[in-house]
Protein chains: 2
Amino acid sequence: MTVLRIGVSSGAPLKTRRSAASAAVSLVTPTPADPSGEPAWLNTILKGDCVAALEKLPAKSVDLVFADPPYNLQLGGDLHRPDQSKVDACDDHWDQFESFEAYDAFTRAWLMAVKRVLKKDGSIWVIGSYHNIFRVGAILQDLGFWILNDIVWLKSNPMPNFRGKRFTNAHETMIWATPSREAKYTFNYEALKTFNDDLQMRSDWQLPLCTGSERLKDASGQKVHPTQKPESLLYRVLTASSKPGDIVLDPFFGTGTTGAVAKRLGRNYVGVEREEAYIEAARKRIDAIEAGSGASLDMQKGKRAEPRIPFGSLLEAGLLAPGTELTCPKGKHLAVVRADGSLVSGDHSGSIHKVGALVQGAEACNGWTFWHINDNGARNPVDELRKLLRSRLAE
Amino acid sequence: MTVLRIGVSSGAPLKTRRSAASAAVSLVTPTPADPSGEPAWLNTILKGDCVAALEKLPAKSVDLVFADPPYNLQLGGDLHRPDQSKVDACDDHWDQFESFEAYDAFTRAWLMAVKRVLKKDGSIWVIGSYHNIFRVGAILQDLGFWILNDIVWLKSNPMPNFRGKRFTNAHETMIWATPSREAKYTFNYEALKTFNDDLQMRSDWQLPLCTGSERLKDASGQKVHPTQKPESLLYRVLTASSKPGDIVLDPFFGTGTTGAVAKRLGRNYVGVEREEAYIEAARKRIDAIEAGSGASLDMQKGKRAEPRIPFGSLLEAGLLAPGTELTCPKGKHLAVVRADGSLVSGDHSGSIHKVGALVQGAEACNGWTFWHINDNGARNPVDELRKLLRSRLAE
DNA sequence: GGCATTTGTGAATCCTACT
DNA sequence: CAGTAGGATTCACAAATGC
């Protein structure tokens, strides 16, 4: 590995805690620079503050940017699961900002630095959650970026809401934008359509979290980075909006998911990262990857599961009215539907499955086939309504 | 139908094209006002500009707000499908703004007006697309609103991207927020979980677009409103975050989807709308709906709603005798019940919760489910006794 | 080894009534 | 208003452990 010190930035200090960080920028090359005339920073990690490091790159030199900036989570105290185990929160210093103003200043600064190095026909992706994405999106627009899409990453296995106080936070948002309205950006429409079973790729992507062996762990088994993104996500981003040989910049490189996928896909990368531990992990990770072999260029298919239809949807859709009476197949048991999708039968109330089990004294029950509606004398299971709604949703 | 002119607003003119609109505010009641002391504006549509109209409502008077503001779409000329037919875009004058600054000023103005009339423990939903939602979200935060969730509405049948230049825009985003971090907002967690087949509801909602007979059409078959939302969306919003009898405000009432669902679900509504044609359509629509009432509106309740039973009551009721031995689920920890309802386990003594936590070395513990009684070899949690006592007390 | 069961964990703005 | 104590609260996977 080569480390080139390419100068110390004078810096344009930000009015945030981040600004206190070292402005020194050094260049880390996992593999020796190619003597063929490629720039020295290609396929390297710049160590240092994002804005200062980007000053070392020429203007209009990168084709694509993927940025996973700090989210500015504003967490209260500790959070425990119902089994009393403590949630390993992302409380790292780099995610702390004093105010929205400080976060905005930080965001404006790195986006301006990125805009300088982005080619005029390049594009940028930024990922975030509701804590920060609205500020990022507004500042992107203020800086003249042109939003092409917002993409929602639907997590198939998100962390639940343990206290039952909100909806499960089951997605993150990515903004895809060009530096100007006129940009002739790369979008591999046909490839994506083919990938998606000949249907246009939609703005909602179902992908699992980064877990298991993909998740980088240190010697003690702890995760190296609190927010490592899954390679499948980057795979789809790079496949959609870059070409082989393109240069992909990640200004918050972390443990190098962007670099890893770029290398696999035959793209060049350049990363910026401040924390030595992350750089070290990223370097090892990327070195172990074989660059752009043909077979690996196949995209991982995100399984598009058949939509699950909750019982309550029948009421929302107007297929069932609150107050409707349901019976068991033989008409012995009776229950009434409430507006919230619960059933009431005598003293019992709850979901169609729970009440079905309770009235039978059974452990479990499939409410869809147990509960029936009286249709002009004929008893039909509510499952018939589900089929109807499913066909509507499939249109 | 009653139309009450309740005054002409002096207005606080906005620096947008909207400000040119009439500041006259009149009150439209689909059904005559109730003489029972309800405010005259309840279940009515206020005709006029949003900010001016909201000045007619008392401060802290509504429980929930649902807002579907103009999206500020920046369409660059007509869009044509591959077959050259023209797409019926939303190019109404009310959706046009001269700049982001103008849109921001408009957004700030109506959000401030809404914040004044919202109760301190109320909440607000705003829906938008990537054209405007980032600006709305950032301004919400700037005004001190506290975001609880962002919810993505996944459209099962979105309009495809005809030119193949972007991903199919298949979702819209809703922000759910309270007027302050401290708000004790309504969230019918248990009801939603029951609704969703006993799984907690996530932040991604798959619902079809408003089409078919639900979509309001005029005499010539044209859609009355370009962005009519499906009732199913409002059904879920109101079920999640309001109670029967609550007052729901929609400051961009349009053709009254919010009012229609509010009436169906036994909530009160108040709408604000500028266009007479929309008001007329909304009025007819809501008049034709039967108001929800009665037990079918009751929502599934969780343990939090149950009356609290002190542990000592079990002793008072004779369900438990002093000196009884309790164990943890696996029988490892042992404790003895004292006559005052406290437990003793080794050196530890105190409430069932405190001792449960101490013997486990945990921060907290629910003693009701932790401590078990030996019933002829079977271990049953003391919570079973609480249930028994509760059912006795309910008789 | 094979299968069943238990344990661990993920970008989280996560309580409330009473004294 | 602050402090204290009661006691409510989780889903999908994958890895680890047990039989």
Side-chain angles (χ1 to χ4, degrees), chain A residues 68-92 94-97 100 127-133 153 155-173 206 208-215 217 221-223 225-230 252 254 305, chain B residues 141 145-150 176-178 181-182 184-185 187 189-190 193 196-203 301-312 330 341 350-357 362-371 382-383 386:
Chain A
D68 184 10
Y71 286 10
N72 189 27
L73 299 181
Q74 296 159 49
L75 305 178
D78 288 344
L79 179 65
H80 293 86
R81 298 185 179 81
D83 65 4
Q84 303 299 337
S85 65
K86 184 165 170 266
V87 173
D88 186 15
C90 177
D91 52 3
D92 301 70
W94 50 256
D95 199 51
Q96 311 289 321
F97 291 82
F100 284 132
I127 186 168
S129 67
Y130 67 83
H131 310 84
N132 71 321
I133 199 66
W153 167 29
K155 303 176 183 181
S156 52
N157 49 348
M159 189 161 72
N161 185 287
F162 296 117
R163 305 301 292 265
K165 301 308 292 181
R166 303 181 179 194
F167 297 95
T168 305
N169 197 359
H171 73 277
E172 291 186 31
T173 302
Q206 296 179 21
L209 296 174
C210 178
T211 58
S213 58
E214 188 189 330
R215 189 80 193 225
K217 308 267 173 58
Q222 298 297 302
K223 58 191 178 193
H225 195 283
T227 70
Q228 186 182 338
K229 295 293 175 288
F252 305 96
Chain B
Q141 291 178 315
F145 285 93
W146 188 248
I147 299 180
L148 298 170
N149 278 115
D150 60 332
W176 181 37
T178 52
R181 187 171 186 169
E182 294 75 33
K184 302 206 186 313
Y185 54 93
F187 180 53
Y189 173 76
E190 201 68 33
K193 189 172 171 178
N196 195 36
D197 297 344
D198 297 325
L199 288 177
Q200 51 173 225
M201 189 77 83
R202 299 171 33 124
S203 58
K301 289 184 171 58
K303 276 189 177 180
R304 284 187 176 108
E306 301 274 346
R308 202 173 74 81
I309 307 257
F311 181 67
K330 291 182 178 167
S351 72
I352 54 171
H353 315 295
K354 188 178 165 192
V355 176
E363 294 223 347
C365 167
N366 183 342
W368 289 107
T369 51
F370 180 75
W371 293 111
V382 289
D383 201 31
R386 180 169 64 162

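Residue numbers start from 1 in every chain, and the chains themselves are labelled A, B, ... in the order their sequence lines are given, proteins ahead of strands.
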Would you mind classifying the nucleic acid contact of B/Ile147 as base, sugar-phosphate or nothing, using non-hydrogen atoms under 4.0 angstrom?
-> base
How would you label the contact of A/Cys210 with the nucleic acid (heavy atoms, under 4.0 Å): base, sugar-phosphate, or nothing?
-> nothing
At under 4.0 Å, does any side-chain N or O of A/Asn169 touch on OP1 or OP2 of C/dA12?
-> no
N or O in side chain of B/Lys193 less than 4.0 angstrom from D/dT9 OP1/OP2 = no
Counting only side-chain N and O atoms of B/Lys354, is one of them less than 4.0 Å from OP1 or OP2 of D/dG6?
-> no
A/Pro69 near the nucleic acid: base, sugar-phosphate alone, or nothing, with a heavy-atom cut-off under 4.0 Å?
-> base
For B/Tyr189 and C/dC15, is the shortest distance between a side-chain N/O and OP1 or OP2 below 4.0 Å?
-> no
Mind checking A/Gly77 for me? I need base, sugar-phosphate or nothing, with any heavy atom below 4.0 Å counting as a touch.
-> base
Please check the phosphate of D/dA8 (OP1 and OP2 only) for any side-chain N or O of B/Arg386 closer than 4.0 Å.
-> yes
Side-chain N or O of A/Arg163 less than 4.0 angstrom from OP1 or OP2 on C/dC15?
-> yes
Has the side chain of A/Arg81 got a donor or acceptor atom sitting under 3.5 Å from an opposite partner on the base of C/dG10?
-> yes
Closest to the A/Phe162 side chain: D/dG6, C/dG10, C/dA11?
-> C/dG10
Using the rule for Phe, Tyr, His and the six-membered ring of Trp, do B/Trp146 and C/dT13 stack at under 5.5 Å and under 30°?
-> yes
Kindly indicate, with the supporting measurements, whether the criterion side chain to side chain donor-acceptor pair (under 3.5 Å) is fulfilled by A/Ser129 and A/His131.
-> CA-CA 5 Å; A/Ser129 67; A/His131 310 84; 2.6 Å; yes
Centroid-centroid distance, B/Phe187 to B/Trp176, less than 6.0 Å = yes
Are the side chains of B/Trp368 and B/His353 in touch, meaning some heavy atoms are under 4.5 Å apart?
-> yes
Determine: side-chain N/O of B/His353 to OP1/OP2 of D/dG7, distance under 4.0 Å, yes or no.
-> yes
Could you classify C/dT6 for me, syn or anti, using a glycosidic angle within 90° of 0 as syn?
-> anti
For residues A/Thr227 and A/Tyr71, determine if any side-chain heavy atom of one lies less than 4.5 Å from a side-chain heavy atom of the other.
-> no
Have a look at A/Gln84 and say if it touches a base, only the backbone sugar-phosphate, or nothing, with a 4.0 Å heavy-atom cut-off.
-> base
How is B/Ser351 classified with respect to the nucleic acid when contacts are heavy atoms under 4.0 Å: base, sugar-phosphate, or nothing?
-> sugar-phosphate
Determine the contact category for A/Ser213: base if any of its heavy atoms lies under 4.0 Å from a base atom, sugar-phosphate if only primed atoms, P, OP1 or OP2 are that close, otherwise nothing.
-> sugar-phosphate
Distance check: side-chain N/O of A/Arg215 vs OP1/OP2 of C/dA11, anything under 4.0 Å?
-> yes
